[in-house]
Amino acid sequence: MKKITIAIDGFSSTGKSTLAKQLAKELGYVYVDTGAMYRAITYFAMQKQLIKTDFFDKKSLTEVLPKIQLEFKFNADLGFAEMYLNDENVEKQIRTIEVSNFVSKVAEVSEVRSKLVEQQKEMGKNKAIVMDGRDIGTVVFPDAELKIFMTASAETRAQRRFDELQQKGDDVSYEDVLKNVVERDYIDTHREDSPLVIADDAIEIDNSYLNKEEQFAAVLDLVNDVVKTN
Ligand code: DC
């Protein structure tokens, strides 16, 4: 069967990674969560005290970027790849609300974006990849054979994120999560470098009222159509 590139973009907490993981497993493709890469750089900046509330030393972060090594290592028990920052598994650390609060600011920095986009293009050079993020169909793989753009209402997304964080034992309020979702949407869609926009040839899926199974079946049909016609 012909191998293709699948780009999944959309707003935060629309279930991009769940769908991308399901697809990669079904198709035997590599899955890449590009948000994890932006999150790992944010975590690094926090550790080095380069970003705090009302403070962001962009210049120093830009200077140390060449020293930041990011790698995905496949965890066979979990069935997906985990993020390593300078050889340390940071999968848990990068999913906290603190990292979520700062990550959009780090993702605005052009030097950060170009470093990560270069790595992402390299990962996709043999196709057979499902990559999710914000600029995959527009910047990383503008020639992807299938582009999906996922949306859902901010309230639906905040509720999903809140449930996830609560399950992990994170002590957060729904209101704080909703505020974070709305703020990230604004920054992601208004930044100068590669703002979140829907690619002309992307297929939009609003999953506010779709369950995971229905959504997966619909997207798998799209994949099969694309594979047949390519
Ligand atoms: O998908 P996520 O919520 O883990 O992404 C975290 C942040 O990273 C999000 O606020 C926007 C940014 N991001 C980006 O700018 N470009 C990408 N390709 C992926 C994520």
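Every number for a ligand or one of its atoms is a count from 1 in the order of the listing. Quick note: residue numbers are just sequence positions, from 1.
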### Task
Taking only heavy atoms of Ser104 into account, list the atoms of ligand 1 that are under 4.0 Å away from them.
10 (O)
### Message
Salt bridge check, Lys115 against Glu111: does any charged N sit closer than 4.0 Å to a carboxylate O?
### Response
no
### Distance-only N or O hit between ligand 1 and Asp33, under 3.5 Å
no
### Query
Of the protein's non-hydrogen atoms, which lies at the shortest distance from atom 16 (N) of ligand 1, and what is that distance?
Arg113 NH2, 3.0 Å
### Task
Out of Arg95, Glu183, Arg134, indicate the one that has the non-hydrogen atom closest to atom 1 (O) of ligand 1.
Arg134
### Salt-bridge criterion met for Lys125 and Glu122 (N-O under 4.0 Å)
yes
#### Entry: Heavy atom of the protein closest to atom 18 (N) of ligand 1 (residue, atom name, distance)
Asp135 OD1, 2.8 Å
### Message
Ignoring hydrogens and geometry beyond distance, is a side-chain donor-acceptor pair present between Asp163 and Gln167 at under 3.5 Å?
### Response
no
#### Entry: Those atoms of ligand 1 less than 4.0 Å from some heavy atom in Arg39
2 (P), 3 (O), 4 (O), 6 (C)
### Task
Looking only at protein heavy atoms, identify the closest one to atom 19 (C) of ligand 1 and say how far it is in Å.
Thr34 OG1, 3.3 Å
#### Entry: Heavy-atom nearest neighbour in the protein, as seen from atom 6 (C) of ligand 1, with distance rounded to 0.1 Å
Arg184 NH1, 3.6 Å
### Query
For the side chain of Lys121 and the backbone of Val139, is there at least one donor-acceptor N/O pair under 3.5 Å apart?
yes
### Query
Side chains of Glu71 and Asp87: closer than 4.5 Å at any heavy-atom pair?
yes
### Task
Check each heavy atom of Asp188 against ligand 1 and say whether those closer than 4.0 Å belong to the side chain, the backbone, both or neither.
side chain
### Query
Ser17 and Asp33: side-chain donor and acceptor closer than 3.5 Å?
no
### Task
Within a distance under 4.0 Å of any heavy atom of Ala107, pick out the atoms of ligand 1 and give their elements.
12 (C), 15 (O)
### Task
Just jot down the ligand 1 atoms closer than 4.0 angstrom to any heavy atom of Arg191, in number order.
14 (C), 15 (O)
### Query
Is the backbone N or O of Ser153 less than 3.5 Å from a side-chain atom of Ser208, with the two atoms forming a donor-acceptor pair by type?
yes
### Query
Tyr38 to ligand 1: N or O pair under 3.5 Å?
no
### Query
Do side-chain atoms of Glu82 reach the backbone of Lys73 as a donor and acceptor pair under 3.5 angstrom?
no
